[in-house]
Enquirer: 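Pasting in a structure now, in C-alpha cells, and then I'll have a few things to ask.
Numbering of ligands and ligand atoms starts at 1, following listing order.
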Amino acid sequence: MKLLLLGPVGSGKGTQATIISKKYNIPQISTGEIFRWNIQNETELGKLAKQYVNVGQLVPDSLTDKLVEDRLSKEDCKNGFILDGYPRNISQAQALNKYMELDKVILINLSEEEIIKRLSNRRMCKVCKQPTAIDWLVDGKCEKCGGEVYIRDDDKPEVIKVRLKTNSISDELINFYKTKGIFYSINATDDVNKNFELLDAILCK
Ligand code: AMP
C-alpha cells in the first residue's frame with residue numbers, strides 16, 4: 001500500500017501515520033521528522049533545512065524532492081509506505097508522480113480554530129519522540145514514557161501563524177489526486193482511536 005496522509009499542521013496525521021505503519025508493517029516517511037533529525041544532529045542537510053523549518057517556511061522543493069526519492073528507493077519501501085508531510089504542494093506531487101503512483105491519498109480535515117488550539121498545547125517528548133499535549137502530561141513529563149518534554153521551535157505562536165499560511169493544503173494538490181480517483185477525506189475528532197477507525201475503513205476498501 002502506497003499511502004499519502006494529508007492534513008493541516010496539528011491534525012494528528014503524524015500520530016495516525018505511526019499507528020498505520022505499525023498495523024500494516026510499512027515505513028512511515030515523515031519529511032518533517034527527517035528534517036528535525038538532521039537539524040538536531042547538525043548534518044549538512046540539517047544546516048540547510050534549519051533556516052526554513054525553524055521559521056515555518058517550506059524547505060525548497062529541489063532539496064525535499066531528492067530527499068524523498070532517495071528514501072523511497074530503499075528496500076524497506078518495496079511493499080509500501082506512508083508518506084506524512086510530502087507532497088505538500090503541486091510541484092512536489094508532480095515530481096513524485098514521475099517515478100511513483102500512489103494507491104490512496106487521505107486528507108484529515110480540521111478547522112483553523114482547532115489547529116491553533118492543538119498546536120499551542122502540543123509538546124514533544126525528548127525520549128520517545130512522540131507528540132503529547134500539556135493536558136496529558138504527568139508531573140510535567142511525557143504520559144507515555146516519563147520523558148522530558150519540549151516545545152517545537154515551530155510550535156511557538158508567531159511561527160504557527162506563518163505555518164498556517166505557508167503549509168496550507170492547496171485545492172490544486174487535492175484536485176491532482178481527485179482526478180486520479182484516489183482521494184479520500186475524514187473529519188478529525190479529538191479521539192485518536194476514532195480517527196484511526198475512520199482511516200482504517202478507507203484503507204480496507
Ligand atoms: P511537519 O512536521 O510535517 O509539520 O514539518 C515541519 C517542517 O518541516 C515544515 O514546516 C517545513 O519547514 C518542513 N517540511 C516538512 N515537509 C516538507 C515538505 N514536503 N516540503 C517542504 N518543507 C517541508
Enquirer: Does anything in residues 21-50 form a salt bridge (charged side-chain N to carboxylate O under 4.0 Å, His left out)? List the pairs, not counting sequence neighbours.
Expert: Lys23-Asp200, Glu33-Arg36, Glu44-Lys47
Enquirer: At less than 4.0 angstrom from any atom of ligand 1, which residues have a non-hydrogen atom? List them by chain and residue number.
Expert: Val9, Lys13, Thr31, Gly32, Phe35, Arg36, Val53, Gln57, Leu58, Val59, Thr64, Gly85, Tyr86, Arg88, Gln92, Arg152, Asp154, Arg163, Asn167
Enquirer: Would you say the side chain of Asp65 lies within less than 4.5 Å of the side chain of Gln92, judging by non-hydrogen atoms?
Expert: yes
Enquirer: Let me check something: any side-chain donor-acceptor pairs from residues 51-60 under 3.5 Å, sequence neighbours excluded? List them with distances.
Expert:
unit_1	atom_1	unit_2	atom_2	d
Gln51	NE2	Leu48	O	3.1

Enquirer: Determine whether Gln28 and Phe81 make a side-chain contact, defined as any pair of heavy atoms from C-beta on separated by less than 4.5 Å.
Expert: no
Enquirer: Please tell me whether Ile20 and Ile29 are part of a single hydrophobic cluster in this structure, the criterion being side-chain heavy atoms less than 4.5 Å apart.
Expert: no
Enquirer: Extract all donor-acceptor atom pairs below 3.5 Å that involve side chains of residues 154-162 and protein atoms in other chains or at least two apart in sequence.
Expert:
unit_1	atom_1	unit_2	atom_2	d
Asp154	OD1	Arg152	NE	3.0
Asp154	OD1	Arg152	NH2	3.4
Asp154	OD2	Arg152	NH2	3.2
Asp155	OD1	Arg122	NH2	3.2
Asp155	OD1	Arg163	NH1	2.8
Asp155	OD2	Arg122	NE	2.9
Lys156	NZ	Asp153	OD1	3.0

